[in-house]
Structures are given as C-alpha cells and as structure tokens.
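Have a look at the structure below before the remarks.
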Amino acid sequence: MDDSDVVIVGGGVVGSTLALLLGEANWRVTIVDAAPAPEEIDTLGHGKPALRVSALTAASRRLLTALDVWPWLASRRVAAYRGMQVWDAEGSGEIRFDAEDVGVDSLGHIVENDLLLAALAQRLQALPNVEWLHEARLTSYVREKTARGNDVDREDVDREDARDAGRAVVTLDNGEQRRAPLIVGADGANSPLRGMAGIPVHERDTGQAAMVTSVRTAVGHGGIARQAFLATGPLAFLPLTIEGRDDHCSIVWSTTPGEARRLTALGETDEGRAQLGIELAQGLGGRLGNVEIIDAAPHFPITQRHAQRYVDEGLALVGDAAHSLHPLAGQGVNLGLMDAAVLAEEWIRARRRGAEPGDSRILARYERRRRSENAAMLAAMQGFQRLFGSDLPALRFVRNWGLSSVDRLMPVKRLLIRQALGEYGDLPERCR
C-alpha cells in the first residue's frame, strides 16, 4: 500500500503551500524536508527582521488568505507598500507607481520568509493527513510499476487517464522509504529530485551576485519600495514595519561577484558596516538619509534556470526546482505559489472527476498553464538586466526616455501595476 497520495520533496514556502492545498482536500501528503523543524514561533516577529524576505503580490495574498495563513501572518509582522519608485541612477529616467492609480490599498506586502514558513507550519500541523519529515534528505528516486489484476474492468484499463503510471519510491538518508503514485520536486534551484529524474535544465549565469542585509534609515520609507539601477546592477530598498515604525528596510543589491564579496566583507566589522551604510545611502541618492546596517551582509550568486520540462511520469516540478530568476522584480516566490495553486487545482479537479491524478494529460495541463508564463517572466528579467546593465549611450537614452515616457502614460502604468499585483494570465481560482 502507498504511504501517501503524494510525496513533496522540499518543505519551503512553495512545497508547504502545495502540501496545505492538497492536505485540505483530504489528500495523504508526505513532505520530505532537509531543513530542521521551524523555530519556536514565539521568538519570531520580534526584534530585528530576518535577512530573507519576499514581496508578495495581491494574488499570492489572496491564496494565503484562502488557506487561513494570512491572518496569523498579518498579526505578527508584514509591511504593506502602497507605492514603487524605480529610476536610473546613471540618468534622469524615473517611474512611480501608486496603489491609488488602480483603486487598491497596496501594491503588495513585504514578508519575512521565516514568518511565512512558520505560518504555513501552524496550519499544516493541524492536518492529521500530512506527514512532515524534517532533516530528511532524498538519496534515491525510482518508479515501480504496479501490477494490475485480471479483475480490473477492461473499460477502466483502456481509459488513458487510468493507465498505470506506477508509483514513486523515494529512499531517505536514514534508510527509510516512502511510496506514492505522485511526487513533486519543490527542493530548490539545485533540485536533487530534478537531477535524479533526468530532467535537463537551461542555465544562464547572469554575471551578478546579490548582497542582502537589513538597515535602519534616517528618513522613513513611507510605505514606498525603491529601486535604483546603478552601473553595476539594481539596488532595492524594500520597506519593513518594525514595532509600528517605518525606518527599516530590507536590502537586495545585485552587483558583480567581486563587488558583492567586498560588500559582504564590509558587513563583518563595525568600521566596514559604517562604510557600507554610506555606500547604500549614496546608491539610493540620499533619498532616505543616513543608513545604518543592523545585520550581516551575505551574498549569493544569481543564476537563471529553467527546466526543459516541468513534468515526467507521475512527477511535477514547482517553484525554483522548475525556474529561478533574477531577484530584481521580486517575483520568484510568487511564481512558485502560482505553480503550487495550479498544480493542486488540476489534481483536485481530476480526483473529483474520478480520473487518476497521475494521468499524463493532467500533468500536461499544469505544464501548459505555467511554463509559458514563467518563461515570459524569465525573458523579461533577462531583457531588463541587459538594458540597464549597458553603458552604450543609445541604450542609456532609450531606458531613460522609456521610464520617463511610461511615467506619463497612465493606461500603461495601470497595466504594469496590474502585472505587479499578480493579476494576469491564467490565475488559479483561489488566487482571483
């Protein structure tokens, strides 16, 4: 007998969201998670913010609200931003977006990843049909064929959606095994499961690395997300609300690998942090006054990846296991949440119709709904990086002219805002 209906490899935000979507629909779910169990939640949401944050769109917030995750999260610490300012620090082009332009209260929310994971864990722990294996690593993945007896109805055997796709058998590093007809790779950009399944991936080194840290600013951010395109890459100040104050921001500075290493080294000493604060303030053109570094400043390489296919026999990839992109648009986690919502929607619908969720046609529908939209976002990020990373005078003129021109075209701005809200494409029902 199968241990569960689906094994999800990876217990991050995307894997946990998929587990919750399926668990609420009474699926038996096993999560294989290399990470330890979440920290004691009472320690979260207090003191300085976490280093890793996500900018959640309105569509993602609606999904988390439908799953009863958002109320707990909002009771702890989230920061709504009502506006965005984007400009070329090498020129005069600038564009501003405001929630009022489309009649909404906010353009999105900045959420600390640790808090989001804790909120999801709270909900998952209440579901007896979800098994969460912490500090468990996948060591092998194979598919077994399940023999059918002669008493199976011939009509059922002939139906394509009931063909035997076998079952996944995963072996963990402690020797345990789990079996299920379906398996999902939600195990990150370097997905071990994707490699074991032999799914090729297109990989592009962007030539950049992202330094992240948390800061306190002399001038309040006023609920505005800011991004300056510098000569070496984009610098983002993402607004945070700490104890009701708007003088904190999360920083993502995408730059050359060598420069990222230098910035990280500055974050290791008091003198260096003071210098890093000066450089951040200068990079933002002094718009938020003096900047004080309040945490370490690690960096990580930026590599865009896109799996050549999202599905295989009884297998699907979601989130970074399927696609990872440049952080300049802050869309990575949102794309992953949409993957999870669409995959769950297709599988749950299939079960209600009496079809086998492992049917290749169901998996193909998931891939069709998600791969083209994700590919378009990856292409857009590549184009933005090339446009704003060029020193050619003609391209510099085009980007400055383009930013300023779009800023004056309200219909175009409204369209871009709707994109930023996540309100485009084939949205799953629970995100509308």
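Since we're looking at a predicted model, the values are computed, not measured. Just so you know, residue 1 is the first one in the sequence shown, and it goes up from there. Below, each value reflects all heavy atoms present in this structure, side chains not excepted, and no hydrogens, waters or symmetry copies.
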Arg432 side chain to Leu427 backbone, donor-acceptor under 3.5 Å
yes

Check whether the side chains of Glu271 and Gln275 place a donor and an acceptor atom closer than 3.5 Å, and report yes or no.
no

Take atom CG in Asp105; do more than 12 heavy atoms of anything else shown fall under 6.0 Å from it?
no

Run Asn334 and Ser60 through side chain to side chain donor-acceptor pair (under 3.5 Å) and show every step you take.
CA-CA 6 Å; Asn334 296 294; Ser60 293; 2.7 Å; yes

Can you tell me if Arg351 uses its side chain to pair, donor with acceptor, with the backbone of Trp27 under 3.5 Å?
no

Point-to-point distance, once rounded to the nearest 0.5 Å, from OG1 of Thr171 to CZ of Arg137
16.0 Å

Using modelled atom types and a 3.5 Å cut-off, is there a donor and acceptor pairing between side-chain atoms of His306 and backbone atoms of Val201?
no

Closer than 4.0 angstrom, basic N to acidic O: yes or no for Glu373 and Arg370?
yes

Check each of Val7, Ile31, Leu172, Asp33 against Leu133 using the side chain to side chain contact (heavy atoms under 4.5 Å, CB included) test, and report the only one that passes.
Leu172

When you measure from the side chain of Ser16 to the backbone of Gly11, do you find a donor-acceptor pair of N or O atoms at a distance under 3.5 Å?
yes

Just checking, is any N or O donor in the side chain of Gln304 or His323 under 3.5 Å from an acceptor N or O on the other one?
no

Arg226 (side chain) donor-acceptor with Ile224 (main chain) under 3.5 angstrom
yes

Looking just at side-chain N and O atoms, do Asp187 and Ser191 make a donor-acceptor pair shorter than 3.5 Å?
yes

Is the backbone of Asp320 close enough, under 3.5 Å, to the side chain of Ser324 for a donor and an acceptor to pair up by distance?
no

